[in-house]
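Report on one structure; see the data block that follows.
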Amino acid sequence: MWWRSASFILDRQQEQNAAVPPNPESLLLSSPPPSMADSLQNPKPDISAYYQTRAAHHAVVTSDWLAQAHAAVSIQTDDDDSSVIDGKIAPAAGGRGGDKAFSVIDEFNSWRKQPDLAEAVAAIRALAAVIKASQATTMMELEIELKKASDSLKAWDTTSISLTAGCDLFIRYVTRTSALEYEDFNSARSRLIERAEKFGEISCKARRIIAMLCQDFIFDGCTILVHGFSRVVLEVLRTAAQNKKHFRVFCTEGRPDRTGLRLSNELAKLDVPVKLLIDSAVAYTMDEVDMVLVGADAIVESGGIINMMGTYQIALVSHSMNKPVYVAAESYKFARLYPLDQKDVGPALRTIDFGVPIPSKVEVEKSARDYTPPLYLTLLFTDLGVLTPSVVSDELIQLYL
Amino acid sequence: MHPAVYKVGLQYLSGDIWGGNARCIAMFQAFKEAIKDYSTPPEKTLIRDLTARISSYVSFLIECRPLSNSMGNAIKFLKNRIAKLPLVLSESEAKATLMSDVDRFINEKIIIAEKVIVKHAVTKIRDGDVLLTYGASSVVEMILLHAHELGKQFRVVVVDSRPKLEGQLLLRRLVRKGLSCTYTHVNAVSCIMQEVTRVFLGASSVLSNGTVYSRVGTACVAMVAHAFRVPVLVCCEAYKFHERVQLDSICFNELGNPEAISKVHGREDINYLDGFVNQEKLQLLNLVYDATPSDYISMIITDYGMIPPTSVPVIVREYRREHLWS
């Protein structure tokens, strides 16, 4: 009988057989300026761009950024993409061999920098810009261009699920409505552009709808545990505070992004009593908690969610202590994925700063997100209403079939 | 009684043809022959008479062996098509239309559906996986062979059970193609489940509450997999979905031959039950199917994609709509 080898031995063998990936720590400090030939490639494919942006928008400045800022000041180095936080755009954009003056990836990056804009909405705005700049004369041509642009966006950051979901949603809308025979091409085009622009407003409106739906579930005197920095959850809590509800919030620290610190700042501004916990203290305080409220990076077909690392842990603890877990997310985050376990979700790696140097022999678990199965979730608050996890597949089937 | 239908009925009776897809395709081929040779008697309309004829064939087949759910859905489709025939068509045109409809059904709902299921399912097989399967499902066989062709490194555990021992046929085909296989009986499934990473099961039918109606023993395997937290993937074409709801395995099932469980083929010395078979206090229960509750199932792979067991009524609803419009 063959015995299955311990999985970690197999993993190491696979790593050794594959090409040695570059050490991500060094990448952040000194990535070479991208050459012309691979200017369309994401220069740091090992690190998830999605989580980089989130860190850029929401996290506290970490020590390696400080070090890098020092380095940038003291030595004149070439611009690299990590100086995004300074607002400078890498010169990789300029001079792409002259074949395309317009690049959808640039467009996407410029939209993505706005902290209030969701990733999916930025993607749709970028695709709208593709339509505007396109010189197609028929719907089919336009669709093909859009498909190409969407594929290049998805290839640029393979780890971002909401990006994929947003692109798919828009392409689906285009193909579904492009069959209107009586419409002439120009009016169809302007309609598509209008729809894409409206999508941005829908995103903000969605957050307000979700906040309204959630109000009934927040009762006076309740304690809410929050994990990660979700703009939707913040909107929910802000609306509840404005409606003069008395509640308090437990915020997990959310290492390594330290999203909890940012969130507790925002909540303190709203005069909501907030308590910061380290991530390990969740089970300890779960007795006092009445409900858990998290956002989601993506909602998958099984009804589970993909969210910041730590969500699964909290959901497991809440489930064993019979506390409800509520997820607040917009409906465009529904993705056609179906993970069976944690490894089935594509890895999204991000660098973790421990504050002290780690010897190179020590491996670090760098994954930024985990998958929470629908069994541990109680309800989903979306702009489509308050749903149970099994309804997600229903919506996806109706949309995509 | 048309000779083709008679032949198929006898093949069902003897067990030469088994498996949901095989039975459905064989039945349809026989019906095609019958329709080809059919001629409307005088004083009768094609639609009503042909429907009555098909019903009589179906009763004969039921006597040979009770219909499976997939066959029931297929017959409903055929009767629907006959009823929808425009009256202006001549007899030969009507027969040609029907035969092409049947061909289209077999092609779209069975053959191409299997290919789509295989395409979805191989994305869930990773290198280093240990896959367990129970019995012999045609779809699961195709999935494993296709994944092997794609070069994925995995090994297969085939779990089998008496009296049918269907797994041995699957095992032969897999070993011939070069897959590494392990063969065991269902009694040992809790021992081997520790090593398993995924379980692939076929289904005779999936019911509206997500219950999977499949070969007896499937529920056992799914339950043990659930206890070991191994994901269970059920692969089933959409035409096998049924709007019925079943809560346990007894209320609707098929009884097999009781002799098969009292005797062991090739072991004449096991004759402890000789002479007991006709006792009124003894019932030899040889159930053919069982019902697996939806809690034990992680995902159902259909030609509509990968869906959770709770979404089966949605597919049934969409599928019915397609029926009415096509």
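Residue numbers begin at 1 in each chain, while the letters A, B, ... track the order of the sequences. In what follows, every heavy atom counts, from backbone to side chain, and hydrogens, waters and symmetry copies are set aside. Note that this is a predicted model, so its numbers are computed, not measured.
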Check whether any side-chain heavy atom of B:Thr310 lies under 4.5 Å from a side-chain heavy atom of A:Thr388, and answer yes or no.
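When only atoms from C-beta onward are counted, A:Thr388 and B:Thr310 do not touch, as no gap falls below 4.5 Å.
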So how far is it from [X] [atom1] to [Y] [atom2], rounded to the nearest 0.5 Å?
| X | Y | atom1 | atom2 | result |
| --- | --- | --- | --- | --- |
| B:Arg126 | A:Asp341 | CZ | CG | 5.0 Å |
| B:Thr123 | A:Tyr338 | OG1 | OH | 12.5 Å |
| B:Met306 | A:Leu340 | CE | CG | 8.0 Å |

Should the heavy atoms of other residues, nucleotides or ligands under 6.0 Å from CD of A:Gln313 be counted, would the total exceed 12?
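No, not enclosed.
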Residue B:Arg162 excluded, over 12 heavy atoms near CZ under 6.0 Å:
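Atom CZ in B:Arg162 is packed in, count exceeds 12.
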Looking at A:Ser393 and B:Pro308, what are the two nearest heavy atoms and their distance?
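Closest heavy-atom pair between A:Ser393 and B:Pro308: OG-CD, 3.2 Å.
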Between A:Pro389 and chain B, which part of the residue has a heavy atom less than 4.5 Å away: side chain, backbone, both or neither?
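It is neither, since no heavy atom gets under 4.5 Å.
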